[in-house]
Structures are given as structure tokens and as C-alpha cells.
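In what follows, a single structure is set out as C-alpha cells and then discussed.
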Amino acid sequence: MVRISDLHPAICLIPHFLCLIPSNLSLLYMDKRVRVRFAPSPTGGLHLGGMRTVLYNYLFAKQHKGDFILRIEDTDQSRYVPGAEQYIYDCLKWSGLEPDESPVHGGSYGPYRQSERKNIYRSYAEQLVNDGYAYYAFDTPEELEKMRHDFKTESNPSPQYDHSIRMKMRNSLTLSDDETKKLLDANTRHVVRIKMPETEAVSFRDMIRGEIHFDTSVVDDKVLLKADGMPTYHLAVVVDDYSMKISHAFRGEEWLSSAPVHILLWKYLGWKKDMPQWAHLPLILGPNGKLSKRDGAKYGFPVFAMNWIDPKTNELTEGFKEKGFLPEAFINFMALLGWNDGTEQEIFSKEELIQKFSMERVHSSGAKFDYEKAKWFNHEWIKKSEVQSLESGVSFLLSEKGISDIDISVLRKVIGLVKDRCTLLSDFYDQSLFFFLTPEQYDLNAVKPKWNDAKKFFFSEIIRNYELNADWTATTLETNFKEITTVNSIKPGEVLLPFRIMLVGGKFGPGVFDIAEILGKEETIHRIKKAIAVF
RNA sequence: GGCCCGUUCGUCUAAGGGCUAGGACACCACCCUUUCACGGUGGUGAUACGGGUUCGAAUCCCGUACGGGCUACCA
């Protein structure tokens with residue numbers, strides 16, 4: 001929470017120096033290395049909200065020449081999903097947002113999986129108990145349920161285990177020291193709960209929202225250490241952020257309510273001065289409230305970064321990658337979902353984002369995801385992409401559909417010709433298929449009604465001319481074509497469309513003569529002959 | 001129910017006391033194009049409501065309404 005005014009006066013006396021540094025640096029701890037983390041639980045899938053958190057973490061870290069850490073929060077063993085952790089790495093890799101430290105990338109603050117850090121949490125929990133900030137609770141799940149039932153009233157539909165209730169429960173606060181010790185020695189299943197002050201104002205400064213206040217009287221005694229010995233998120237996030245020297249903690253808005261627990265824990269553990277700066281990111285909304293993976297299936301757009309198949313149900317959730325998005329576009333539209341640089345620029349490369357991103361310009365309100373706009377970003381990126389960078393993606397796409405062994409120079413020409421009309425990578429299939437496959441079907445409605453012997457004769461003349469043509473280039477083909485229309489007193493407009501249908505099969509695609517040039521003499525003439533027989 | 005957060009065109013947003021409230025997506029029209037796109041020009045369209053403060057409010061304050069999040073031995 002250091003602001004520019006809190007910094008050393010000497011710095012503040014050099015205004016022209018300050019003008020040279022971006023304003024978003026003003027909130028930095030000048031003496032502390034920037035270290036941020038993304039801490040997903042590997043329970044399957046990585047949706048837009050999570051990916052945007054990754055992005056903002058990444059951008060912030062790179063901008064400040066800091067470290068981006070991936071920590072796996074796998075403290076809930078009952079929710080273990082095989083493959084989910086690998087899936088997270090795959091998504092980060094595809095989107096180009098790879099961490100500097102992680103379970104697989106290594107680093108000097110490991111281990112980076114919470115399940116592998118299990119034994120370090122218990123001692124902190126015990127320290128809290130010894131210092132009077134936490135206590136052992138022996139209540140069984142049945143007893144907790146009974147409590148919630150017994151204390152439920154109309155004005156309090158969901159009673160919490162809090163200061164008003166805890167003295168009526170079975171814990172080390174209500175039990176004598178002897179009884180507690182006896183239960184502990186007998187390995188009785190128990191948890192450790194934080195002892196929230198009865199009433200204390202807790203506040204902190206959020207980088208996006210400013211000052212936020214809570215009264216501890218309305219927050220419950222959260223479980224810190226579970227009966228299986230694993231920490232809950234609340235304990236683990238504080239202990240790990242501290243031991244991994246995290247300087248800034250960014251997470252979704254859904255964590256705002258439990259922030260006071262974390263703030264107090266930083267204080268109780270004696271680490272207050274090392275507490276990271278917080279930023280709670282606005283939610284990404286779907287058509288009906290918070291974006292869920294259900295929305296994807298329901299409205300036909302992807303919500304995950306990459307395809308995810310639930311190993312239990314075999315249910316597929318579509319990913320942006322497989323849908324045909326470029327990672328550059330994916331990053332670009334996510335960045336703009338809740339942030340802008342104050343200008344009217346919308347297309348940003350990753351490098352530009354690293355340079356221009358600032359947490360202070362992130363919105364505090366949720367943003368509804370607009371798939372149409374996302375597609376527009378992708379279209380823009382495809383248009384501005386170099387042919388070469390699209391090459392492997394397109395040839396993979398075509399080979400998947402059975403078209404392989406394409407001459408690389410032909411492929412490049414084709415991509416250059418059609419990329420402006422492709423919104424998704426997958427559009428390249430429809431837009432370029434006819435270059436490689438002779439049409440089997442024709443849009444006959446576009447040609448049949450006006451087809452006649454004069455046109456038929458015209459095309460036989462074209463065949464004769466083209467067969468003798470030595471210079472097979474678009475311009476020559478067009479010149480010859482028009483000469484023959486003149487000789488035969490036909491308007492070019494009347495035969496241009498039929499010619500297109502012959503080569504393409506439908507009313508779309510780049511200029512016909514460009515297509516003919518790429519097709520080559522033999523194939524072009526073959527297509528004309530084949531079509532004449534059908535028309 | 002309680003607590004917390006939020007509210008500018010349909011959507012993403014700009015404007016942090018002084019404007020005809022700007023841009024982008026989508027939509028519509030026209031131009032370009034002897035196909036479909038790209039591109040260009042123009043158009044429809046918003047400060048949730050009610051009170052203050054002020055010469056002046058989208059902007060600051062209060063209230064109301066609405067939306068969202070949390071309220072687990074899940075994260």
C-alpha cells in the first residue's frame with residue numbers, strides 16, 4: 001500500500017523524473033521484486049475468467065520485470081480430476097502465457113503443489129491456536145448440520161459458526177484444556193478454526209476498488225485446517241503467498257467476501273508488512289449472469305481456452321483454440337474485457353499489452369462476454385497475420401479433412417487470397433477447399449435460369465483459347481476472356497458468374513482469374529468442361 | 001435474510017464538475033467490387049430512478065430500484 005506520496009521524499013522532488021515513468025508504477029513497492037501468482041485448483045477446465053486472471057497476472061509481472069508463478073491448489077482431494085493439471089499447462093502454453101515458476105517449470109520457492117506442502121500448514125495453524133487466534137473444533141458434520149438447523153430463523157436463514165455460536169459448540173474454547181488434550185491425544189477428528197474478533201473494523205486497499213471495509217462481527221470462524229490435515233484455501237493462500245514472496249495478489253471478485261479472513265491471518269501470523277497488494281478482478285458474465293461452462297453449450301460459443309473432456313462423464317466443453325481462435329486474438333479480447341488504455345485503440349499485441357496494461361484502469365464492474373466481438377478480434381488478427389504464421393494452422397486444418405500433400409507455394413498463395421474473408425481459422429476450410437478439390441456440386445440457381453447456347457459456345461471458345469495460352473497469369477487470362485466476350489458480343493457480367501460457379505461451385509471466393517491462375521491450365525479447363533456438361 | 005461489490009447505446013467501453021455524451025462490435029442504408037468478403041461513408045441507439053451539493057453533475061454525497069458475489073472441513 002505504498003503510494004507515491006509515501007515514497008522517499010527525494011524521489012518526489014524530481015518531477016521530471018516522475019514524468020518519465022508510467023503512472024501505474026506509482027503504486028509499486030520500489031524495494032520489492034514483483035512476484036504474482038495464478039493459483040487454480042485442478043478440478044477440470046479453465047474458463048475465460050480464469051484465463052483472464054492468468055493474463056492480467058502475466059502482463060503485470062512482465063511489465064514490472066517480475067515473476068509469474070503458477071501454484072496448484074489441490075487441497076481438496078475429493079475433487080481430484082485426472083488430467084486437469086496437465087490441461088492447465090496446455091492452455092497456458094497455447095495462449096503464450098507461460099509461468100516462470102510452477103510444478104513443472106521449477107523455481108526456488110517450491111514445491112508448487114499445495115498437496116506437496118501439506119506438513120508446513122499444520123505448524124502455522126498450531127501457532128495461531130497457541131497465540132489465541134484460532135481454536136480446535138471437534139464438531140462432527142452431523143453436529144454442524146444440527147446447528148444450522150437449530151439456529152435457522154426467518155431473519156437468519158443460514159446461521160454461521162461465528163462468535164455468537166462458537167461457545168455453544170464442541171471446541172477448545174468450550175472444553176477444558178484437559179478434555180481438549182485428551183481428544184487431541186486420542187486423534188479425534190478435528191479442524192482448526194480462526195477465532196474472528198467479535199467486532200473489529202478490517203479494511204484494506206484494493207488496487208481496483210479502493211478502500212474496502214468489513215466488520216468482523218458478520219464473518220464466521222472459517223476452517224483453516226481440515227480434518228484430513230489439509231489446509232483450506234484461506235490458510236494455504238496466506239502461508240503460500242508469504243513463503244513464495246508474492247507481492248501482488250490478483251483473484252476473482254468472488255473472493256472479496258473472504259478477504260477479511262486473509263487480512264487478519266496476515267496480521268495474526270505476524271507478516272502484515274509483507275502482505276501483498278490485492279486486486280479483485282471483476283467477473284465475466286454470460287448471457288444470464290456469471291459465465292458458466294453451461295452457457296457455452298447453450299449459446300454455442302466456447303468458454304474454455306481449449307477443448308476439455310470430463311474424464312468422468314466424457315462430456316466435451318469446447319475451447320477457443322479448437323473453435324479456430326488465434327492465441328493473439330484470444331489474449332487481445334480478454335485483455336479488453338474489463339480494461340482499456342484510455343485511448344480508442346482496440347487491437348493490441350502481447351508486447352503492447354505488457355507495456356500499457358495497468359491494474360488501476362481495470363473496471364470494477366463485471367463485463368458480459370460478447371462472442372460476436374470476440375470473433376471480430378479474431379478476424380482482425382487473421383487479416384493482419386503474415387501468411388507464413390497461418391501456414392501450419394491451415395495445413396493442419398486441411399489435412400484433418402483429408403487434404404494433404406499441398407505444394408507450399410500454392411498454399412501460401414491461397415492463404416494470402418482468402419484470409420481477409422476468414423473470421424475463424426476453421427473458415428479457411430470452406431474458403432479454400434475448391435482450390436484443392438474439383439467442385440462436385442454447383443450453385444445451379446445462380447447460373448441455370450440464364451444459361452443458353454450462346455454462353456455454352458462462349459466457353460468452348462474460352463477452352464480453345466486457354467488451351468493455347470502460354471502465359472498462364474491472372475492478367476492474361478482476364479484480357480483474353482474479355483476479348484472473347486467482345487468478339488462474341490457478350491457482356492462480361494453475363495459469363496463471369498458462370499465462370500466462377502464452374503471453378504468454385506458457389507458465389508464466393510477471391511477474383512476468378514486469380515483462382516484460375518492458381519488452379520493451373522489443366523485443372524481450369526477440366527473444370528470448365530465438367531461444368532458445361534452439367535449446366 | 002445478512003454482508004460485500006457494482007450500474008453510460010443491445011454488448012465492450014471513453015469522458016474522473018463545463019459536450020452536440022466519443023469510439024468499437026452487432027444492426028440498417030449507401031459507395032466500392034461484373035461473386036462473397038475486405039474497405040469507405042452515413043444512420044438507429046445510453047448516463048437506472050429520486051433527492052441533494054454546485055453558476056454548472058454521467059462525474060461528488062444520500063436514498064431507492066435493479067444486477068452480481070459470498071454466506072461449505074470447495075476453491
Side-chain angles (χ1 to χ4, degrees), chain A residues 39-43 73-76 78-79 114 137 139-141 144-145 148 152-162 189-193 206 208-209 212-215 217-220 222-234 236-237 251-260 280 282-283 285 287 289-290 333 336-347 363-377 379-380 383 418-423 427 431 443 446 482 485 491-501 504 506-512:
Chain A
S41 70
T43 50
E73 308 233 340
D74 55 350
T75 52
D76 187 358
S78 66
R79 293 212 300 167
Q114 289 182 332
D139 316 275
T140 63
L144 288 174
E145 199 168 311
R148 288 191 190 106
K152 185 171 177 174
T153 62
E154 208 162 280
S155 63
N156 184 14
S158 42
Q160 306 190 102
Y161 200 122
D162 61 14
R189 280 180 76 81
H190 66 277
V191 301
V192 173
R193 307 187 88 109
D206 187 279
I208 296 171
R209 288 153 216 276
I212 297 176
H213 307 270
F214 294 90
D215 186 331
S217 66
V218 295
V219 349
D220 59 336
K222 291 260 184 269
V223 169
L224 264 21
L225 200 70
K226 298 185 271 190
D228 64 1
M230 280 288 195
T232 59
Y233 172 82
H234 307 294
V237 73
R251 72 224 305 194
E253 189 186 338
E254 66 268 27
W255 291 107
L256 206 47
S257 307
S258 47
H280 290 87
L283 261 15
L285 278 7
K290 191 181 174 185
F333 82 70
L336 273 283
L337 222 43
W339 171 87
N340 72 85
D341 76 338
T343 73
E344 281 169 2
Q345 183 177 351
E346 295 203 272
I347 302 298
H363 268 240
S364 49
S365 53
K368 196 180 283 185
F369 172 60
D370 181 359
Y371 186 47
E372 293 305 318
K373 184 92 186 225
K375 284 196 291 192
W376 174 79
F377 276 106
H379 193 184
E380 291 301 307
K383 280 190 289 178
V418 306
K419 71 188 176 103
D420 281 4
R421 52 203 88 201
C422 294
T423 298
D427 292 336
Q431 291 295 335
D443 182 352
K482 294 207 165 147
T485 57
K491 284 186 201 143
E494 291 184 61
V495 279
L496 232 22
L497 187 62
F499 188 33
R500 166 175 299 280
I501 305 290
V504 176
K507 286 198 287 184
F508 62 95
V512 254

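Quick note on labels: first sequence line is chain A, next is B, and so on, each numbered from 1. Predicted, not measured: the structure shown is a model, and the values here were computed from it.
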May I ask you to say what [X] touches in the nucleic acid, namely base, sugar-phosphate or nothing, with a heavy-atom cut-off under 4.0 Å?
X: S158(A); value: base
X: L225(A); value: nothing
X: L496(A); value: base
X: F214(A); value: sugar-phosphate
X: D139(A); value: base
X: H280(A); value: nothing
X: R148(A); value: sugar-phosphate
X: P40(A); value: nothing
X: T75(A); value: sugar-phosphate

Separation between the [atom1] atoms of [N] and [M], rounded to whole Å:
N: C74(B); M: G69(B); atom1: C1'; result: 15 Å
N: G63(B); M: G6(B); atom1: P; result: 14 Å
N: U7(B); M: U64(B); atom1: C1'; result: 13 Å
N: C49(B); M: G67(B); atom1: C1'; result: 15 Å
N: C25(B); M: G18(B); atom1: P; result: 28 Å
N: C9(B); M: U59(B); atom1: P; result: 14 Å
N: U11(B); M: G51(B); atom1: P; result: 26 Å
N: G40(B); M: C4(B); atom1: C1'; result: 49 Å

Counterpart residues, salt bridge (charged side-chain N to carboxylate O under 4.0 Å, His left out), relative to [X] (two or more places apart):
X: D220(A); result: K222(A)
X: D139(A); result: none
X: K482(A); result: E478(A)

- Item | Contacts of Y371(A) that satisfy ring-ring contact (aromatic ring centres under 6.0 Å, His included) - sequence neighbours left out |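 For Y371(A) the ring-ring contact (aromatic ring centres under 6.0 Å, His included) partners, ignoring immediate neighbours, are F301(A).
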- request: Only counting residues at least two apart or in another chain, list the ones meeting ring-ring contact (aromatic ring centres under 6.0 Å, His included) with W255(A).
  value: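 Scan of W255(A) (ring-ring contact (aromatic ring centres under 6.0 Å, His included), adjacent residues dropped) gives Y233(A).
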Just name whichever nucleotide pairs with [N], Watson-Crick or G-U, keeping both distances under 3.5 Å, else none.
N: A72(B); value: none
N: G6(B); value: C66(B)
N: G42(B); value: C28(B)
N: U54(B); value: none
N: C36(B); value: none
N: A14(B); value: none

request  = Write down the distance between CG (D341(A)) and P (A15(B)), rounded to a whole number of angstrom.
outcome  =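 The answer, rounded to whole Å, is 10 Å.
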**OP:** Using whole Å, report how far CG of D220(A) lies from P of C74(B).
**Re:**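 Whole-Å distance recorded here is 13 Å.
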Check: protein-nucleotides 9-13 of chain B nitrogen or oxygen pairs below 3.5 Å:
from   : atom 1 : to      : atom 2 : distance (Å)
C12(B) : OP1    : K368(A) : N      : 2.8
C12(B) : O2'    : L336(A) : O      : 3.3
U13(B) : OP1    : G338(A) : N      : 3.0
U13(B) : O3'    : N340(A) : ND2    : 2.8
U13(B) : O3'    : H363(A) : NE2    : 2.9

Side chain to side chain contact (heavy atoms under 4.5 Å, CB included) against [X], all qualifying residues, sequence neighbours excluded:
X: P510(A); answer: L417(A), V418(A), R421(A), F434(A), F435(A), I515(A)
X: T423(A); answer: K375(A), H379(A), D427(A)
X: S155(A); answer: T153(A)
X: D74(A); answer: P42(A), I72(A), R113(A), Q114(A), S115(A)

Output the single nucleotide from [options] whose closest atom is nearest the side chain of [X].
X: V191(A); options: A75(B), C73(B), C5(B); answer: C73(B)
X: R209(A); options: C5(B), G1(B), U71(B); answer: C5(B)
X: K222(A); options: C5(B), G1(B), U71(B); answer: U71(B)
X: S364(A); options: U71(B), G6(B), C73(B); answer: G6(B)
X: V218(A); options: C3(B), A75(B), C25(B); answer: C3(B)
X: K507(A); options: C73(B), U34(B), U35(B); answer: U35(B)
X: T232(A); options: C4(B), C74(B), G68(B); answer: C74(B)

Just the atom pairs and distances: protein N or O near nucleotides 38-46 of chain B's N or O, under 3.5 Å.
from   : atom 1 : to      : atom 2 : distance (Å)
C38(B) : O3'    : K383(A) : NZ     : 2.9
G39(B) : OP1    : K383(A) : NZ     : 2.7

Check this for me, if you would: do R209(A) and E253(A) make a salt bridge, where the nitrogen-to-carboxylate-oxygen distance has to be below 4.0 angstrom?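 A salt bridge links R209(A) with E253(A).
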Should K373(A) and D370(A) count as an ion pair when the cut-off is N to O under 4.0 Å?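 No, K373(A) and D370(A) are not salt-bridged.
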Quick test: give all pairs of protein nitrogen or oxygen and nucleotides 57-63 of chain B nitrogen or oxygen below 3.5 Å, distance rounded to 0.1 Å.
none

### Message
Taking NZ in K507(A) as the centre, count heavy atoms belonging to other residues, nucleotides or ligands within less than 6.0 Å. Is the count above 12?
### Response
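Result for NZ/K507(A): open.
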Heavy-atom count check: over 12 atoms from other residues, nucleotides or ligands less than 6.0 Å from E145(A) CD?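 Result for CD/E145(A): open.
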(message) When you measure only distances, ignoring hydrogens and angles, does the side chain of S257(A) come within 3.5 Å of the base of G69(B) through a donor and an acceptor?
(response)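 Indeed there is one.
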ask   = P141(A) or K290(A): which one's nearest nucleotide on RNA chain B is closer to the 5' end?
value =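 Its nearest nucleotide being more 5', the pick is K290(A).
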Next item on the list: Using heavy atoms to find the nearest nucleotide of RNA chain B for A374(A) and G493(A) separately, return the residue whose nucleotide is more 5′.
Entry: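 Nearer the 5' end of the strand: A374(A).
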Do any side-chain nitrogens or oxygens of R193(A) fall under 4.0 Å of OP1 or OP2 in C73(B)?
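Answer is yes, contact under 4.0 Å.
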*Output yes when a side-chain donor or acceptor of T43(A) lies under 3.5 Å from a complementary backbone atom of R79(A), and no otherwise.*
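Absent.
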For this session: Syn or anti for C38(B), please, going by whether the chi angle lies within 90° of 0.
Result: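 Syn, which is what one calls it when the glycosidic angle falls within 90° of 0.
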* For the residue pair I347(A) and E380(A), what are the closest heavy atoms and their distance? ->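 For I347(A) versus E380(A), the nearest heavy atoms are CD1-CB, 3.7 Å.
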